[in-house]
Amino acid sequence: MLSKLSMQTRKERELLEQIDHERLPVHVAVIMDGNGRWAQKRGLPRVAGHRAGITSVRKIIEASAQIGIQYLTLYAFSKENWQRPAGEVSYLMGLIEEFVLKELDTLSKNNIRFKVLGHMEELSANVRTRLEEAIHKCQANTGMWFNVALNYGSRVEITDACRTIVRKIQQGTLDYAEIDENLISDHLYTASQPDPDLLIRTSGELRISNFLLWQLAYSEIVITPVLWPDFRKQHLLKAIIDYQTRERRFGKVINP
Ligand code: FPP
């Protein structure tokens with residue numbers, strides 16, 4: 001066990017040496033996928049994959065903060081996920097509640113800031129209370145932002161922004177001429193946060209799945225075949241190394 005641990009650390013150290021710390025992605029977003037398949041491969045119920053996925057969540061938050069990532073956004077539950085079997089939905093909600101309860105002290109001690117992206121008011125009172133406690137407890141922190149996208153849908157987020165903007169115009173607090181891309185960004189759930197530089201999707205699927213559609217306009221995308229419950233610091237490091245090989249042009253020609 002110990003030798004496995006030290007081998008893993010050596011691997012991580014080798015990967016860390018390949019990273020240019022001056023060019024880290026500021027914001028990393030992750031579509032955590034493959035929990036069900038991870039469980040299926042082991043002859044376990046799907047929810048066992050979600051439980052195993054929690055270990056990855058913990059490890060990736062810790063690794064991201066260590067590496068110096070400033071914003072980490074994890075896609076935990078989409079608006080569309082309510083259509084899963086009721087037992088799976090309630091298990092997932094229970095896991096999220098349990099995670100916040102167990103990890104809150106650690107998150108707070110590690111100076112991590114916490115934000116929920118999504119409609120919290122539609123969650124059960126228990127889950128909502130836990131999340132509100134966490135937001136409150138972490139509000140004075142100054143370290144990495146951990147965003148959890150929960151009951152989240154990007155089209156709903158953009159629709160919410162449109163509604164708020166129109167209401168402000170009707171109330172006379174905003175002029176139509178002031179609408180520009182920055183103003184729209186400022187009305188999304190991620191207001192005041194930079195757009196993700198890097199999007200990671202696990203389990204090999206090639207989809208965005210209604211996640212941060214506006215914010216991902218110029219993000220670099222890394223798809224890994226690794227299933228989320230197997231995703232560890234070394235996979236995050238590999239994704240960052242891959243990201244650092246990309247030439248980010250934002251639509252421009254670099255050397256005309
Ligand atoms: C996708 O796997 C995963 C999810 C829908 C849920 C992910 C959520 C967690 C790991 C809990 C998150 C908790 C916190 C606190 C961030 P899938 O079930 O769609 O897998 P499959 O495609 O293999 O079926």
Side-chain angles (χ1 to χ4, degrees), residues 28-65 69 71-108 110 112-120 123-124 126-135 137-138 144-154 189 196 199-212 223-232 235-236:
V28 176
V30 186
I31 302 179
M32 307 180 286
D33 197 10
N35 294 352
R37 276 163 283 168
W38 183 93
Q40 237 163 19
K41 271 170 62 178
R42 289 161 177 78
L44 298 169
R46 291 177 54 77
V47 292
H50 296 318
R51 179 160 289 282
I54 288 289
T55 304
S56 307
V57 168
R58 198 167 359 92
K59 290 194 180 286
I60 293 312
I61 296 173
E62 188 186 306
S64 301
I69 302 300
Y71 299 83
L72 173 71
T73 301
L74 300 183
Y75 199 4
F77 192 88
S78 71
K79 284 268 178 196
E80 293 74 25
N81 285 156
W82 293 109
Q83 292 162 41
R84 293 186 174 213
E88 184 175 341
V89 169
S90 69
Y91 192 90
L92 265 169
M93 289 297 160
L95 270 184
I96 290 163
E97 192 184 335
E98 185 186 317
F99 172 85
V100 178
L101 187 67
K102 281 193 185 157
E103 300 298 327
L104 182 54
D105 278 345
T106 317
L107 292 179
S108 188
N110 285 292
I112 288 172
R113 290 182 272 190
F114 180 63
K115 191 177 177 74
V116 175
L117 312 180
H119 283 174
M120 261 174 59
L123 301 173
S124 75
N126 288 354
V127 178
R128 217 170 47 229
T129 306
R130 290 277 166 254
L131 294 168
E132 278 160 0
E133 275 168 16
I135 293 165
K137 186 151 186 189
C138 296
M144 184 183 84
W145 274 102
F146 167 43
N147 295 327
V148 58
L150 185 50
N151 192 22
Y152 174 85
S154 184
Y189 308 152
L199 170 71
I200 301 171
R201 183 167 189 146
T202 60
S203 92
E205 301 291 340
L206 305 173
R207 284 189 295 277
I208 301 284
S209 301
N210 199 16
F211 186 47
L212 303 174
I223 308 283
T224 168
V226 176
L227 304 177
W228 177 250
D230 293 326
F231 194 84
R232 291 291 178 268
H235 305 111
L236 175 64

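Whatever order the structure lists ligands and atoms in, that order sets their numbers, starting from 1.
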Distance to the ring centre below 6.0 angstrom and angle to the axis at most 45 degrees; does that hold for Arg42 and Trp38?
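Satisfied, under 6.0 Å and within 45°.
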
Quick one: look at Val148 and ligand 1, take heavy-atom pairs under 4.0 Å, and tell me if it's side chain, backbone, both or neither.
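Only the side chain of Val148 comes within reach of ligand 1.
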
Residue portion contacting ligand 1 (non-hydrogen atoms closer than 4.0 Å) for Arg84:
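The answer is the side chain.
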
Leu72 vs Val30 side-chain heavy atoms within contact, under 4.5 Å:
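Yes, their side chains come closer than 4.5 Å.
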
Is the shortest heavy-atom distance from the side chain of Leu227 to the side chain of Thr202 under 4.5 Å?
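Answer no - side chains too far apart.
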
Would one find an N or O of [X], backbone or side chain, under 3.5 Å from an N or O of ligand 1?
X: Asn35; value: yes
X: Asp33; value: yes
X: Asn81; value: no

Check whether the side chains of [X] and [Y] place a donor and an acceptor atom closer than 3.5 Å, and report yes or no.
X: Tyr91; Y: Arg46; answer: no
X: His119; Y: Asn151; answer: no
X: Asn126; Y: Thr129; answer: no

Salt bridge between Arg201 and Glu205, side-chain N to carboxylate O under 4.0 Å?
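Looking at Glu205 together with Arg201, the answer is no, because their closest N to O distance does not fall below 4.0 Å.
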
Going by an N to O cut-off under 4.0 Å, is there a salt bridge joining Arg128 and Glu133?
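Not counted as a salt bridge, because no side-chain N and carboxylate O are separated by less than 4.0 Å.
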
Classify the ring geometry between Tyr75 and Phe211 as parallel (under 30°), tilted (30 to 60°) or perpendicular (over 60°).
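If you compare the ring of Tyr75 with that of Phe211, the planes turn out parallel.
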
Heavy-atom contact under 4.0 Å between [X] and ligand 1?
X: Glu205; result: no
X: Ser203; result: no
X: Leu95; result: no

Just which atoms of ligand 1 are under 4.0 Å from any heavy atom in Ile96?
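In order of numbering, the contacting atoms are 13 (C).
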
Suppose we measure from [atom] to each protein heavy atom; which comes out shortest, and what is that distance?
atom: atom 6 (C) of ligand 1; value: Ala76 O, 3.4 Å
atom: atom 15 (C) of ligand 1; value: Phe99 CD2, 3.3 Å
atom: atom 22 (O) of ligand 1; value: Arg37 NH2, 2.9 Å
atom: atom 1 (C) of ligand 1; value: Met32 O, 3.2 Å
atom: atom 11 (C) of ligand 1; value: Ile54 CD1, 3.8 Å

Among Glu80, Gln40, Arg46, Lys41, which residue places a heavy atom closest to atom 24 (O) of ligand 1?
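Going through Glu80, Gln40, Arg46, Lys41 one by one, Arg46 has the nearest heavy atom to atom 24 (O) of ligand 1.
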
Give the minimum heavy-atom separation between Gly49 and Ala39, together with the two atoms involved.
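What the structure gives for the nearest pair is N-CB, 3.6 Å.
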
